[in-house]
Amino acid sequence: EEAAYRFTIRNFGDKEVTVKCMLPRGDNLVKVVRESHEHKSESDRSVYWHVKVSPKTEVILRYRVQLMKE
């Protein structure tokens, strides 16, 4: 099975911000198969994306994951 996600991250402030978006895996094995930003693994239980957003702008984070059976 695959699932696709899209998040719009808006910065209404006057300074650049970095947002950490996490995907907890829980008991499921998840493989990121496509993404708009490069992910990193914090542990074998989660992956995350650091997304920089300039002032008064928005960034769209998209990713597709494949759910794998153990």
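Bear in mind that the values here come from a model prediction, so they are computed numbers and not experimental data.
Both cation-pi conditions hold for Lys20 and Tyr48: the charged atom is under 6.0 angstrom from the six-membered ring centre and inside a 45 degree cone around its axis.
Hydrophobic clustering keeps Val65 apart from Val33 (ILVMFWY residues linked when any side-chain heavy atoms are closer than 4.5 Å, directly or through intermediates). Hydrophobic cluster membership is shared by Val51 and Val17, with clusters built from Ile, Leu, Val, Met, Phe, Trp and Tyr side chains linked at under 4.5 angstrom. When hydrophobic clusters are built by joining Ile, Leu, Val, Met, Phe, Trp and Tyr residues whose side-chain heavy atoms come closer than 4.5 Å, directly or via intermediates, Val59 is grouped together with Phe7.
Nearest heavy atoms, Val47 versus Ser41: CG1-OG, 3.7 Å. What you find for Glu58 and Val53 is that their closest heavy atoms are CA-CG1, 4.3 Å. Across every non-hydrogen atom of Pro55 and Gly13, the tightest pair is CB-O, 3.5 Å.
For Glu38, the CD atom sits in a loose shell: 12 or fewer heavy atoms of surrounding residues, nucleotides or ligands are nearer than 6.0 Å.
In this structure, the separation between OG on Ser36 and CG on Leu61 is 4.5 Å, given to the nearest 0.5 Å. Interatomic distance, NE2 of His39 versus OG of Ser46, reported as 10.5 Å (0.5 Å rounding). To the nearest 0.5 Å, the span separating NZ on Lys31 from CD on Glu2 amounts to 9.5 Å.
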Working for side-chain contact (heavy atoms from CB on, under 4.5 Å), residues Lys56 and Asp14: CA-CA 7 Å; Lys56 310 290 187 209; Asp14 296 325; 3.2 Å; yes

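Asn11 places no side-chain N or O within 3.5 Å of a backbone atom of Thr57 that could act as its donor or acceptor partner.
Each of Tyr63, Trp49, Tyr5 was evaluated against Glu35; a single residue qualifies, Trp49, per the side chain to side chain donor-acceptor pair (under 3.5 Å) test.
Here the side chains of Lys52 and Glu16 are in contact, with some heavy-atom distance below 4.5 Å.
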